[in-house]
Amino acid sequence: MEKFTLELLFQIVGIGSASGLLYKDNSLLIIGDNSGFLYEYQMDSKDLKRHTLLENPVENMLKKDKADFEAITAFGDSLYVFGSGSTEKRNKMIQVNSTDKKIIATNHFADLYSVMQNFGEIKPEDFNIEGAIYNGESWFLLNRGNGSSNKNVLFTIEGKNLNNDFTILSNTYRLPKIKGVRSSFTDGILIDDSIYFLATAEDTESTYDDGEVLGSLIGSINLKTMKIDFTQKISNTHKFEGLTLYANSKEKIEFLLCEDKDTEVLETAIYKLTLDKK
């Protein structure tokens, strides 16, 4: 998959630091790592709604206080929004009704994240969940290896619940470098038997502090072999943090992407990425 096109589709005013998105029925659900809201954007009418995820939510939380929502996934009638786990205040997972966008449950995953760190041999300061997938049986959580140890890890978690009855498998990946810096997972989605993932190279050894953005790539992991099938650099300048399926055919696959510019400006760019299958 070396042939691709990347184009800017539109801008959404009112959302900043976009970190994850879902596409369905010509609408987008978007989260931002600075925000306490779930955003719902109708692509036809350009109507933007805000749904509360936290008590007393704000658009731009202070960095030391933010819940750092970095991953969103859906299954059945529920949406699941995950905090990154990179600090004690970032351990929440919010379950939301996909119809009325009301909160079903707020989970605190300090224990789960601690077990994941131990199992994946990840130091707490290098732990940073950026992608989440749920297929009704298994959870797949992607740790972004932008800490000093570069631990890009795909966790597979199964069990009755994520609080006290689960099993974990982990696979570690050495992703390509961009301009001499190792890239790291920023999101992932499940399509058939593959996880398509985004990765970004950022000139920092911290999961907390931002660095110079050096580019982004897309790739896929075969769930049967747990090996990477391909990677393709798609930008030298963008920090893409959100990925969702837009259309899939025999000839091509189309994704929508969102970009985190690490600013307080409430404006989000949505891009379309097309990969040729032939």
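Just the heavy atoms: all of them, side chains too, but no hydrogens, waters or symmetry mates, feed the values below.
Formation of a donor-acceptor pair under 3.5 Å by the Thr244 side chain with backbone atoms of Tyr23 is found in this model. In this structure a side-chain-to-backbone donor-acceptor pair under 3.5 Å is missing from Asn236 to Gly215. Looking only at distances, no side-chain donor or acceptor of Asn118 sits under 3.5 Å from a matching main-chain atom of Val115. Looking only at distances, a side-chain donor or acceptor of Ser235 sits under 3.5 Å from a matching main-chain atom of Thr237. Side-chain atoms of Ser220 do not come within 3.5 Å of backbone N or O of Ser194 as any donor-acceptor pair. Between the side chain of Asp126 and the main chain of Ser148, a donor-acceptor pair closer than 3.5 Å is present. Within the 3.5 Å criterion, the main-chain N or O of Lys24 finds a donor-acceptor partner in the side chain of Ser27. A donor-acceptor contact shorter than 3.5 Å links the side chain of Asn161 to the backbone of Asn164. Formation of a donor-acceptor pair under 3.5 Å by the Thr274 side chain with backbone atoms of Phe4 is not found in this model.
The neighbour count for Lys101 NZ, taken as heavy atoms of other residues, nucleotides or ligands under 6.0 Å away, is above 12. The number of heavy atoms from other shown groups lying within 6.0 Å of CD (Glu137) does not exceed 12. Summarising the local packing, CD of Gln42 is surrounded by more than 12 heavy atoms from other residues, nucleotides or ligands at distances under 6.0 Å. Few gaps surround CG on Asn26; more than 12 heavy atoms of other groups in view lie less than 6.0 Å from it.
Between the side chains of Asn128 and Lys151, not a single donor N or O lies within less than 3.5 Å of an accepting N or O. Remark: the Asp33 side chain and the Ser19 side chain contain no N/O donor-acceptor pair separated by less than 3.5 Å. No donor-acceptor contact under 3.5 angstrom links the side chains of Ser184 and Asn146, judged on distance only.
Applying the ring pair (Phe, Tyr, Trp, His ring centres under 6.0 Å) test to pairs two or more places apart or on separate chains, none has a residue in residues 154-181.
When all heavy atoms of Asp187 and Gly242 are compared, the pair lying nearest together is OD2-CA, 3.3 Å. Taking every heavy atom of both residues into account, Leu79 and Ala74 meet most closely at CD2-CB, 3.7 Å. Considering every non-hydrogen atom in both Asn152 and Ser183, the closest pair reads ND2-O, 3.2 Å. Of all heavy-atom pairs spanning Ser98 and Gly76, the tightest one is OG-O, 4.0 Å. In terms of heavy atoms, Met43 sits closest to Leu28 at SD-CG, 4.1 Å. The shortest heavy-atom contact between Gln11 and Tyr41 is O-OH, 4.5 Å.
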With side-chain hydrogen bond (donor to acceptor under 3.5 Å, both in side chains) as the test, would you mind laying out the steps for Asn222 and Lys227 before giving the verdict? CA-CA 6 Å; Asn222 186 311; Lys227 294 183 178 180; over 6 Å; no

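Connection of Tyr246 to Leu275 is not established within any shared hydrophobic cluster, with ILVMFWY side chains joined at heavy-atom distances below 4.5 Å, either directly or through further cluster members. Residues Val81 and Leu190 are members of separate hydrophobic clusters, defined by side-chain heavy-atom contacts under 4.5 angstrom among Ile, Leu, Val, Met, Phe, Trp and Tyr. Transitive grouping of hydrophobic side chains (ILVMFWY, heavy atoms separated by less than 4.5 Å) keeps Leu256 and Leu22 in distinct clusters.
Evaluation of the ring pair (Phe, Tyr, Trp, His ring centres under 6.0 Å) rule for Phe119 yields no partner, not counting sequence neighbours. With sequence neighbours excluded, the residues satisfying ring pair (Phe, Tyr, Trp, His ring centres under 6.0 Å) with Tyr271 are His238, Phe240.
Classification of Glu70 and Arg90 as a salt-bridged pair fails, no side-chain N sitting under 4.0 Å from a carboxylate O. Salt-bridge annotation for Lys179 and Glu212: absent, with no side-chain N of the basic residue lying under 4.0 Å from a carboxylate O of the acidic one.
Leu141 contributes atom CG, which lies 12.0 Å from atom OG of Ser84 (distance to the nearest 0.5 angstrom). Within the model, atoms CD1 of Ile218 and OG1 of Thr186 stand 9.5 Å from one another, a figure rounded to the nearest 0.5 Å.
When each of Phe82, Tyr80, Phe140 is paired with Tyr134, the ring pair (Phe, Tyr, Trp, His ring centres under 6.0 Å) condition holds for Tyr80 and for no other.
Contact check for Phe69 versus Leu54: side-chain heavy atoms found under the 4.5 Å cut-off.
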